[in-house]
Colleague: 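Before I ask anything, let me first share the structure, which is written out below as structure tokens.
Predicted model, so just to flag it, every value in this text is computed and none were measured. For reference, positions follow the sequence shown, starting with 1.
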Amino acid sequence: MTEFIRKIMPNTKDDVLAGITVSLAMIPEVVAFAFVAQIDPLMALSGAFIIGLITAIFGGRPGLISGAAGAVAVIFVSMISEGHTKGMLFDQPVENMGFFYLMACVVLMGVIQVLAGVFKLGKFVRLIPHPVMLGFVNGLAIVIFWAQVKMFSHKTLEVTADGVKTYISTFMHGAELYTMIGLVLLTMGIIWGLPKLTKKLPAALTAILVTTFVVVGFDLNVSTVGSYIIEGGGTGLKGELPTPNMELWANLPFNMDTLSFILPYAFLAACVGLIETLMTMNLVDELTETRGNGNRECVAQGAGNILSGFFGGTGGCGMIGQTVINIKAGGRGRLSGVMMALTLLTFILFTDKLIEQVPIAALVGVMFMMVIDTFAWSSFRIIRKIPKSDAFVLVIVSAVTVIFDLAIAVFVGVIISALVFAWESAKRIRARKRVKEDGTKIYEIWGPLFFGSIQAFNNKFDVKNDPEKVEIDFVESRISDHSALEAIFNLVEKYEAEGKSIRLKHLSEDCKALLYKASPKFREVIVEAIDDPRYHLAANPEEFPKSLSEYKLL
């Protein structure tokens, strides 16, 4: 039996220990994001358990950890606040209506993500250039680092006369600050040094346990998981098994007004969640030298969010910090994600008092080491060696991720990269000119012909001064879009308006089909050659053979 388990789950021990470690690191981050969104920490923890479990079992990337992430939580802040004020059912005000809008929004977010996976939109992550990926990693590392720095402060809840809740942070000082720094350094030192002595013990989990024993043994007065939750307005780490939230159906008005209110937030959250998940998946692919299934991950993320919304949890996505901790701790299979979710649920239900004693300093130390491992330090080394445009994209994406959010950063990075690519490609159009013995002028076109290179393409021709016969050879050129087709169409008309004969040679089959459809006269203009090029569209990489031995000569 033991041998059978080893065969189907060869990494069982590492997966189990990595999952436990990640669950400990998950608690303070999820709770912190719950405070940002001004929701009950238990709501966020329940969401982390449900999403983490579903994606671990059904997702397309073993080893990827999902939960209630901050990138998604910040989107819901204004929606919850506005939902509280507009909450009415049958002309009667409903208390905390924003939370019901939140759950419906999370369900709709999940539906959008499932549709994205069904229609195979996950493959579009391939359009994200490597500089954008580096900027994403660096930006999120900075965001996570700054979130840990904020842990060196106390939060106090103040309620004004009109019932408005505000959290005031006071930075630590004196002996308390020095004790916190010392415990953080102890944790980081263990994580750094233990693997040099032995790799049989999980460094992060060992560091958390040692630091906790030091705090409990010496009765140090430091911030713990329990005190952190209470300072933020919670009642401690306790709860019950998540069950379907029937209040959602009883209190939420299902009409077009509700849909129009939650749809923009659901769409943005779905996009942010998928982008962060798929980019984290790419990072895991690089770290483990394996390949995940992006479309399957989209469906799993969506299913997890749908169930989370129904069970009263908040939305989530792949979490780069916890994923890196998992990979560095040896978590490679689905079991690590399942263990994270089940351990998190166990903490909530049965061991809440023990977990509440874990010092925040230990978890901050783990996250600091994760930031060090996540940040692409090679960026400083290569930034002067790569093209200036790529260096600019890397810096911009990092900055926008820190200042705004991940979705905006990725969109900005992709747009800049696309514009740079279009500009550089537009400069590569060339035309070699020669005259045949019979007086026919040949234009041999080199380079991609698309919207960006149209002007340079048109400047290559001298319609008025060319001879009576002209031939344009596209054997080294590729017709890429409608703008290129329109340019060829207009060029032919210009030559014919001058009473000159023009022939087009070596066009691809798809280009010829489009030109024939545009005008029947192209059947007389286009020369059918036996050596016309054969272009083929790239297939989905997920369908490629996994090894060279699987390729066959065609």
Side-chain angles (χ1 to χ4, degrees), residues 18 22 25 29 61 63-66 69-71 124-149 188 191-192 195 203-204 272-292 294 297 317-332 364-418 420-421:
V22 173
E29 188 164 349
R61 174 65 268 180
L64 190 149
I65 301 297
S66 299
F124 286 104
V125 74
R126 289 178 288 159
L127 298 177
I128 300 176
H130 191 64
V132 176
M133 184 67 185
L134 286 179
F136 152 77
V137 170
N138 291 347
L140 278 187
I142 295 171
V143 170
I144 295 171
F145 171 80
W146 185 244
Q148 304 315 305
V149 172
M188 295 176 68
I191 296 174
W192 175 79
V272 170
L274 289 183
I275 289 173
E276 182 163 358
T277 298
L278 293 174
M279 294 187 74
T280 302
M281 187 185 77
N282 277 359
L283 178 63
V284 178
D285 289 350
E286 292 181 8
L287 292 174
T288 61
E289 297 182 353
T290 57
R291 187 173 59 203
E297 188 64 36
C317 63
M319 302 177 73
I320 185 172
Q322 279 66 26
T323 298
V324 171
I325 292 174
N326 181 55
I327 297 300
K328 294 296 182 181
R332 293 292 186 275
V364 170
V366 172
M367 298 302 288
F368 275 159
M369 292 302 292
M370 180 275 300
V371 168
I372 294 172
D373 288 333
T374 302
F375 194 89
W377 299 102
S378 60
S379 304
F380 298 114
R381 176 173 48 83
I382 67 173
I383 198 164
R384 293 185 179 181
K385 300 178 182 180
I386 61 178
K388 292 182 179 179
S389 57
D390 287 343
F392 177 74
V393 169
L394 194 159
V395 173
I396 285 296
V397 172
S398 299
V400 175
T401 300
V402 174
I403 299 172
F404 296 102
D405 63 57
L406 172 64
I408 296 176
V410 171
F411 288 142
V412 168
V414 170
I415 290 172
I416 295 175
S417 298
V420 170
F421 174 79

Colleague: For F368 and F145, take the angle between the two ring planes, folded into 0 to 90°, and tell me which bin it lands in: parallel under 30, tilted 30 to 60, perpendicular over 60.
Modeller: tilted
Colleague: To the closest 0.5 Å, what do you measure between CD1 (I65) and CD1 (I320)?
Modeller: 13.0 Å
Colleague: Against T323, only a single residue in T280, L283, V22 fulfils side-chain contact (heavy atoms from CB on, under 4.5 Å); can you say which?
Modeller: T280
Colleague: Just verifying a value: how many Å separate K385 NZ and S378 OG, rounded to the nearest 0.5 Å?
Modeller: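 With rounding to 0.5 Å, NZ (K385) is 10.5 Å from OG (S378).
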Colleague: Given I383 and V395, is the side chain to side chain contact (heavy atoms under 4.5 Å, CB included) satisfied, shown in steps?
Modeller: CA-CA 9 Å; I383 198 164; V395 173; 3.9 Å; yes
Colleague: How long is the straight-line distance from CG of L134 back to CD1 of I386, given to the nearest 0.5 Å?
Modeller: 7.5 Å
Colleague: Would a 4.5 Å heavy-atom cut-off, applied to side chains only, mark K328 and I191 as touching?
Modeller: no
Colleague: Are C317 and L274 packed together at the side-chain level, in the sense that at least one heavy-atom pair is separated by less than 4.5 angstrom?
Modeller: no
Colleague: Any side-chain heavy-atom pair from M281 and R291 closer than 4.5 angstrom?
Modeller: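 Side chain of M281 against side chain of R291, heavy atoms only: no contact under 4.5 Å found.
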Colleague: Can you name the nearest heavy-atom pair linking N326 to A18, along with the distance?
Modeller: OD1-CB, 3.3 Å
Colleague: If the condition is salt bridge (charged side-chain N to carboxylate O under 4.0 Å, His left out), which residues does D285 pass it with, not counting sequence neighbours?
Modeller: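 So D285 forms a salt bridge (charged side-chain N to carboxylate O under 4.0 Å, His left out) with R61.
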Colleague: Side-chain contact test, heavy atoms from C-beta onward, threshold under 4.5 Å: evaluate it for V371 versus Q148 and give yes or no.
Modeller: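 They are not in side-chain contact.
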Colleague: Indicate yes or no: at least one non-hydrogen side-chain atom of V397 is less than 4.5 angstrom from one of M133.
Modeller: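 A side-chain contact is absent here, since even the closest heavy-atom pair is not under 4.5 Å.
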Colleague: Drop me the distance from I416's CD1 to D390's CG, to the nearest 0.5 angstrom.
Modeller: 11.0 Å
Colleague: What are the two closest heavy atoms between I275 and F411, and how far apart are they?
Modeller: CD1-CZ, 3.9 Å
Colleague: M188 and I372: side chain to side chain contact (heavy atoms under 4.5 Å, CB included), yes or no, with the steps?
Modeller: CA-CA 11 Å; M188 295 176 68; I372 294 172; 4.0 Å; yes
Colleague: Can you give me the closest heavy-atom contact between P131 and V393, atom names plus distance?
Modeller: CB-CG1, 4.1 Å
Colleague: Is there side-chain contact between L394 and N138, with heavy atoms separated by less than 4.5 Å?
Modeller: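 Contact flag for L394/N138 side chains = yes.
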Colleague: Testing the basics here: between G63 and I327, what is the closest heavy-atom pair and its distance to 0.1 Å?
Modeller: O-CD1, 4.0 Å
Colleague: Could you check if a side-chain atom of V132 sits within less than 4.5 angstrom of a side-chain atom of S417, using non-hydrogen atoms only?
Modeller: yes
